[in-house]
There are 2 protein chains.
Amino acid sequence: MDTVFFSHILAKVSLSEEEKNSIKTFFVSKKLRKRQYLLQEGDICKYLSFVEKGLLRSYNIDEKGEEHMNMFACEGWWISDMNSFLSGEKAVFNIDAIEESELLMITLEDFEEMTLKIPVMDRYFRILFQNSLVTKERRLVSSNTHTAEEKYIELMESNPAIIQRIPQNLIASYIGIAPETLSRIKKNIASRK
Amino acid sequence: MDTVFFSHILAKVSLSEEEKNSIKTFFVSKKLRKRQYLLQEGDICKYLSFVEKGLLRSYNIDEKGEEHMNMFACEGWWISDMNSFLSGEKAVFNIDAIEESELLMITLEDFEEMTLKIPVMDRYFRILFQNSLVTKERRLVSSNTHTAEEKYIELMESNPAIIQRIPQNLIASYIGIAPETLSRIKKNIASRK
DNA sequence: AAATAAAATTGATCTATATCAATTAGAATT
DNA sequence: AATTCTAATTGATATAGATCAATTTTATTT
């Protein structure tokens with residue numbers, strides 16, 4: 001319980017040693033093998049999880065059985081089916097590990113207790129959610145405003161690091177296009193250079 | 001400074017009379033006529049605004065001059081270009097009034113001061129942003145997973161009240177389709193009943 | 001109430017991207 | 001190293017929804 005976790009929190013708020021120790025007690029750690037599920041659609045999402053190491057994806061599956069990537073999370077990111085986690089409703093997302101991963105997880109009950117005991121964690125999550133909101137908003141704008149190629153270029157430019165760790169077909173799904181289309185887009189871009 | 005505002009906050013957190021009085025001091029109120037701008041693309045978004053009354057929209061404009069609705073906000077909603085507000089970068093969104101409106105507005109400086117003075121407001125905004133995140137996530141799933149008709153039906157079902165106050169062409173833009181397409185979709189749905 | 005402007009509808013046509021099918025390249029497993 | 005499985009590429013074709021243009025309906029302004 002460690003460097004990655006607290007360095008990410010301390011980047012947004014200050015914590016005393018005492019607070020750190022207290023926070024630790026609310027989390028449990030978990031390792032996931034590649035392809036292992038953290039959550040399956042229809043289950044209740046019991047945890048909000050911080051990625052210490054590795055790479056996960058969350059996605060939903062439509063009536064035709066097609067997967068649609070919702071988000072990826074690598075080191076320093078949080079992942080969950082927020083609606084299920086907060087409301088106790090059934091999860092609409094699946095979450096699994098793209099790479100072998102290590103997580104720190106907290107239940108809703110402990111999350112509530114932790115924020116009440118350490119109010120600065122409300123601030124941390126307020127800032128975290130604020131930033132996520134900006135990111136999601138950008139993606140939504142991109143989704144409505146740009147062509148397939150523009151969306152791909154935008155993603156490449158905003159997130160070059162993570163992209164290299166993720167198979168093309170998942171990236172295609174993330175930007176909402178067919179894998180064949182992404183393949184052709186890449187070819188076009190390459191041929192223009 | 002009033003019922004709508006505090007009733008929305010008190011639905012999420014508790015406040016003493018003293019805290020309420022303190023909170024009041026951070027906000028200024030403003031009235032907008034129909035079609036009046038609150039924010040124009042390229043300006044810095046100085047305020048986070050709570051809608052006491054009326055209806056506003058936020059939207060971006062692409063290179064072809066087409067508007068793309070980002071969100072609508074009626075009584076009880078907050079509106080801003082969050083990225084610009086928080087970072088001081090130029091706004092990418094325009095915000096204007098669809099109906100004559102009344103707002104309560106706070107600057108970033110006062111927002112920071114308020115949350116430091118009244119930590120429970122961090123909690124309020126943490127919960128608010130958490131919920132917005134769930135909403136945005138749903139919209140993104142819908143945008144990638146569903147057909148134009150499904151997106152329209154979903155919006156109708158999740159938000160029947162607000163839809164009736166908003167012109168069809170803006171709704172089409174919000175779900176990312178051409179106004180002609182929405183018109184045809186409505187016709188189809190009607191003819192099937 | 002008349003005049004003007006804006007929004008919605010309808011038809012005809014076009015296009016970006018999806019879908020289907022086959023092939024090749026790369027990973028993972030034995 | 002050989003085999004099997006999965007992902008990526010490429011070509012041919014189909015389609016949802018966009019675009020363009022004309023018309024009608026509904027708001028707004030004078």
Side-chain angles (χ1 to χ4, degrees), chain A residues 32-36 54-55 57 59 61-69 72 96-100 142-156 163-193, chain B residues 32-36 55 57 59 61-69 72 96-100 142-156 162-193:
Chain A
L32 286 181
R33 297 215 179 114
K34 200 169 171 169
R35 320 209 87 232
Q36 190 180 338
L55 176 60
R57 61 176 182 151
Y59 57 100
I61 300 180
D62 67 23
E63 327 78 51
K64 292 174 202 142
E66 303 273 358
E67 295 178 351
H68 300 269
M69 296 308 119
F72 303 107
D96 62 27
I98 295 178
E99 300 172 4
E100 187 172 281
S142 182
S143 165
N144 282 338
T145 315
H146 299 132
T147 63
E149 180 171 318
E150 287 165 342
K151 287 183 219 178
Y152 176 65
I153 291 172
E154 197 163 82
L155 180 62
M156 289 297 286
I163 295 319
Q164 283 156 3
R165 294 162 70 179
I166 299 172
Q168 299 302 330
N169 60 338
L170 302 190
I171 291 177
S173 170
Y174 182 77
I175 55 183
I177 65 177
E180 293 94 333
T181 303
L182 180 52
S183 175
R184 285 183 249 262
I185 284 170
K186 285 180 64 185
K187 196 182 167 189
N188 275 345
I189 293 175
S191 78
R192 281 207 302 267
K193 282 207 204 121
Chain B
L32 286 181
R33 297 215 179 117
K34 200 167 172 170
R35 318 210 90 231
Q36 190 180 337
L55 177 60
R57 61 176 181 151
Y59 57 100
I61 299 179
D62 67 23
E63 327 78 53
K64 293 174 201 144
E66 304 273 358
E67 296 179 352
H68 300 268
M69 295 309 119
F72 302 107
D96 63 26
I98 295 178
E99 300 172 3
E100 188 172 280
S142 182
S143 164
N144 281 339
T145 314
H146 299 134
T147 63
E149 180 172 316
E150 288 165 341
K151 287 183 220 177
Y152 175 65
I153 291 172
E154 197 164 83
L155 179 63
M156 289 297 284
I162 203 172
I163 297 317
Q164 284 158 3
R165 293 162 70 179
I166 299 171
Q168 299 302 331
N169 61 338
L170 302 190
I171 291 177
S173 170
Y174 182 76
I175 55 183
I177 65 178
E180 294 93 334
T181 303
L182 180 53
S183 175
R184 284 182 251 263
I185 284 171
K186 285 179 64 185
K187 196 183 168 190
N188 276 343
I189 293 175
S191 77
R192 282 208 301 267
K193 284 207 201 122

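What you are looking at is a predicted structure, and each value in this text was computed from that prediction instead of being measured. Chain letters run A, B, ... following the sequence lines, proteins first, then strands; residues in each count from 1.
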Can you tell me the distance, in whole Å, between the [atom1] atom of [X] and the [atom2] atom of [N]?
| X | N | atom1 | atom2 | value |
| --- | --- | --- | --- | --- |
| R35(A) | dA27(C) | CZ | P | 15 Å |
| I163(A) | dA8(D) | CD1 | P | 13 Å |
| L182(B) | dT19(D) | CG | C1' | 16 Å |
| K151(B) | dA18(D) | NZ | P | 9 Å |
| L170(B) | dT26(D) | CG | P | 18 Å |
| I185(B) | dA8(C) | CD1 | P | 14 Å |
| E66(B) | dA18(D) | CD | P | 11 Å |
| Q168(A) | dA27(C) | CD | P | 12 Å |

Next item on the list: Using a cut-off of 6.0 Å, state whether more than 12 heavy atoms not belonging to Q168(B) lie near its atom CD.
Entry: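 Counting neighbours around CD of Q168(B), more than 12 heavy atoms of other residues, nucleotides or ligands fall under 6.0 Å, so yes.
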Notebook entry, point to check: Hey, is CZ on R165(B) packed in by over 12 heavy atoms from elsewhere, all under 6.0 Å?
Noted result: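 Enclosed.
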Check: Please walk me through it: do I189(A) and I153(A) pass side-chain contact (heavy atoms from CB on, under 4.5 Å)?
Finding: CA-CA 9 Å; I189(A) 293 175; I153(A) 291 172; 3.9 Å; yes
Item checked: Under-3.5 Å donor-acceptor pair between R184(B) side chain and dT19(D) base ->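 Per atom types, the contact qualifies.
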Phosphate OP1/OP2 of [N]: any [X] side-chain N/O under 4.0 Å:
| X | N | answer |
| --- | --- | --- |
| K34(A) | dA28(C) | yes |
| K186(A) | dA8(D) | no |
| S183(A) | dT9(D) | yes |
| N169(A) | dA8(D) | yes |

Next item on the list: Would you check if there is a donor-acceptor pair between the side chains of S173(B) and E67(B) at a distance under 3.5 Å?
Entry: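 No, no side-chain donor-acceptor contact under 3.5 Å.
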Item checked: Nearest listed nucleotide, side chain of P167(A), among dA8(C), dA8(D), dT19(C) ->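 Closest of the options to the side chain of P167(A): dA8(D).
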Notebook entry, point to check: Between dA18(C), dT19(D), dA28(C), which one does the side chain of A178(B) approach most closely?
Noted result: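 Of the options given, the side chain of A178(B) lies nearest dT19(D).
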Margin query: Quick check on DNA chain D: between G176(B) and E180(A), whose nearest nucleotide comes earlier from the 5' end?
Written below: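 Checking each residue's closest nucleotide, the 5'-ward one belongs to E180(A).
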Check: Taking it one step at a time, do D96(A) and R57(A) satisfy salt bridge (Lys or Arg N to Asp or Glu O under 4.0 Å)?
Finding: CA-CA 6 Å; D96(A) 62 27; R57(A) 61 176 182 151; 2.7 Å; yes
